[in-house]
Amino acid sequence: MPELPEVETVRRQLEPELVGRRIEKVSVLDERLTRPEQPRAVERAVAGRAVEAVGRRGKYLLIELDDERTLAIHLRMTGNLLLREAGDGAVADLMEIKPLGGPRLYESSPEPSHVRARFELDDGRELIFTDMRRFGQAIVLDRGEGLEDYFAPRLGVEPLSGELTPERLLELAKDRKAPLKSFLLTQSRIAGIGNIYADEALWRARLHPLSPAGSMKLEHAGRLVEGIVGALEAGLDHGGASIDDYLDARGDRGSMQDEFLVHTREGERCPRDDGEIQRIVVAGRSTYFCPGCQERLRRRPQR
């Protein structure tokens, strides 16, 4: 599933291309994309509107329209947003944008498959949403209170906003018995972290994924905040990770998968202490860690 670095990479690429452009026509080709709203309702709400900004909240991409409404898109497991020339199989030329993560090493697919929606722009280009597994979501929300009411129960603190401090992390984790890995995956506490960057952050923080979240002290929380920020910024620097289906807005793969420190590295040597990286399952997710250098905290007894 695309996580914060992948969605932010797409946002940075789309923002200079979409802001000021008008969405002339919308074609929703899969009714599951807009449920519970009907596709025609979403088409009518977006068509004819100009794009004022392109933002992000957690793993949601936010296309702000000129009528104080926002098109919120969640890529889920296999969703991709591609900017393409109208009537052409080639991805739109975004080379004037400074590449995130350096030159691309992979060729783009000539034609998209599993297209679920098309957004035709006033300059002739198209923004195409593809999704093989059909888990993606597109919803139109009123800006202001409507947007906040929707995200408040779903998304917690933004980890790259500066609001995630060691003290705030301890507050969020207080009395939590769940493993740190599960805690980091809970979007209502910290938004945008998924399986990949949780593993990378915990390794950077030298914390075992099975440590109870509520067992952290201030020093542990400080290391974990640094680990979270470091892992996410590394993902951004390399244009995201393309393990399975993720492509950026140019249709290119990210390169973060070549920079993983522990994720998917089972059986390899730890970059820090030469121990062997192991794989376990936490909350139903494959979890990679080094048992030699990642400290397993114990639950503190209640007074």
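The structure presented is a predicted model; accordingly, all values stated were derived computationally and were not measured.
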Q: Show your reasoning for whether side chain to side chain contact (heavy atoms under 4.5 Å, CB included) applies to Phe135 and Arg32.
A: CA-CA 8 Å; Phe135 292 148; Arg32 290 181 60 174; 4.0 Å; yes
Just so I know, are the side chains of [X] and [Y] near enough to count as touching, which here means a heavy-atom distance under 4.5 Å?
X      : Y      : value
Arg269 : Glu276 : yes
Trp203 : Cys293 : yes
Leu297 : Lys217 : no
Asp66  : Arg22  : yes
Phe289 : Arg296 : no
Asn80  : Leu75  : no
Leu65  : Ile63  : yes
Val281 : Arg279 : yes

[X] side, atom [atom1]; [Y] side, atom [atom2] - distance, nearest 0.5 Å:
X      : Y      : atom1 : atom2 : value
Glu126 : Phe119 : CD    : CZ    : 11.0 Å
Leu202 : Leu210 : CG    : CG    : 10.0 Å
Leu164 : Arg189 : CG    : CZ    : 13.5 Å
Ile196 : Leu4   : CD1   : CG    : 12.0 Å
Arg116 : Arg134 : CZ    : CZ    : 5.5 Å
Arg143 : Leu62  : CZ    : CG    : 10.0 Å

(Q) Going by the rule salt bridge (Lys or Arg N to Asp or Glu O under 4.0 Å), which residues pair with Asp122 if we only count those two or more places apart in sequence or in a different chain? (A) Arg21
Q. Excluding sequence neighbours, so at least two apart, what forms salt bridge (Lys or Arg N to Asp or Glu O under 4.0 Å) with Arg69?
A. Asp142
Closest non-hydrogen atom pair between [X] and [Y], with its separation:
X      : Y      : result
Val10  : Asp248 : CG2-CA, 4.1 Å
Gly222 : Pro166 : CA-CG, 3.6 Å
Arg265 : Phe260 : NE-O, 3.2 Å
Phe129 : Gly136 : CZ-CA, 4.1 Å
Gly79  : Pro2   : O-CG, 4.2 Å
Leu170 : Met216 : CD2-O, 3.5 Å

So does [X] pair up with [Y], basic N to acidic O under 4.0 Å?
X      : Y      : answer
Glu15  : Arg11  : yes
Glu3   : Lys59  : no
Glu171 : Lys174 : no
Glu8   : Arg12  : yes
Arg206 : Glu295 : no

Q) Quick check, are the ring centers of Tyr60 and Phe151 under 6.0 angstrom apart? A) yes
Does one hydrophobic cluster hold both [X] and [Y], with members joined at side-chain heavy-atom distances below 4.5 Å?
X      : Y      : value
Leu29  : Val140 : no
Leu61  : Ile128 : no
Met1   : Val282 : no
Ile228 : Val262 : no
Val225 : Leu180 : yes

Backbone N/O of [Y] and side chain of [X]: donor-acceptor pair under 3.5 Å:
X      : Y      : answer
Gln13  : Ala249 : yes
Thr78  : Arg133 : yes
Thr34  : Ala138 : no
Asp199 : His263 : no
Ser255 : His238 : yes
Asn195 : Ser286 : yes
Arg253 : Ser242 : yes

Q | Residue pair Ile23, Leu127: steps toward the side chain to side chain contact (heavy atoms under 4.5 Å, CB included) verdict | A | CA-CA 9 Å; Ile23 301 174; Leu127 184 63; over 6 Å; no
(Q) For Ile139 and Tyr150: C-alpha separation, side-chain torsions, deciding distance, then whether side chain to side chain contact (heavy atoms under 4.5 Å, CB included) applies. (A) CA-CA 10 Å; Ile139 182 172; Tyr150 183 80; 3.9 Å; yes
Q: List the steps and the verdict of side chain to side chain contact (heavy atoms under 4.5 Å, CB included) for Gln278 and Glu266.
A: CA-CA 5 Å; Gln278 295 183 9; Glu266 181 183 11; 5.9 Å; no
Q.
With a sphere of 6.0 Å drawn around CD of Gln38, does it hold more than 12 non-hydrogen atoms of other residues, nucleotides or ligands?
A. no
Q) Step by step, would you call Asp131 with Arg76 a salt bridge (Lys or Arg N to Asp or Glu O under 4.0 Å)? A) CA-CA 9 Å; Asp131 188 4; Arg76 299 295 179 190; over 6 Å; no
(Q) Determine whether Glu43 and Arg40 satisfy the following criterion, salt bridge (Lys or Arg N to Asp or Glu O under 4.0 Å), listing intermediate values before the conclusion. (A) CA-CA 5 Å; Glu43 290 174 353; Arg40 302 293 85 80; 2.7 Å; yes
(Q) Between Tyr197 and Glu6, is the side chain to side chain donor-acceptor pair (under 3.5 Å) condition met? List the steps. (A) CA-CA 11 Å; Tyr197 298 99; Glu6 289 74 41; 2.7 Å; yes
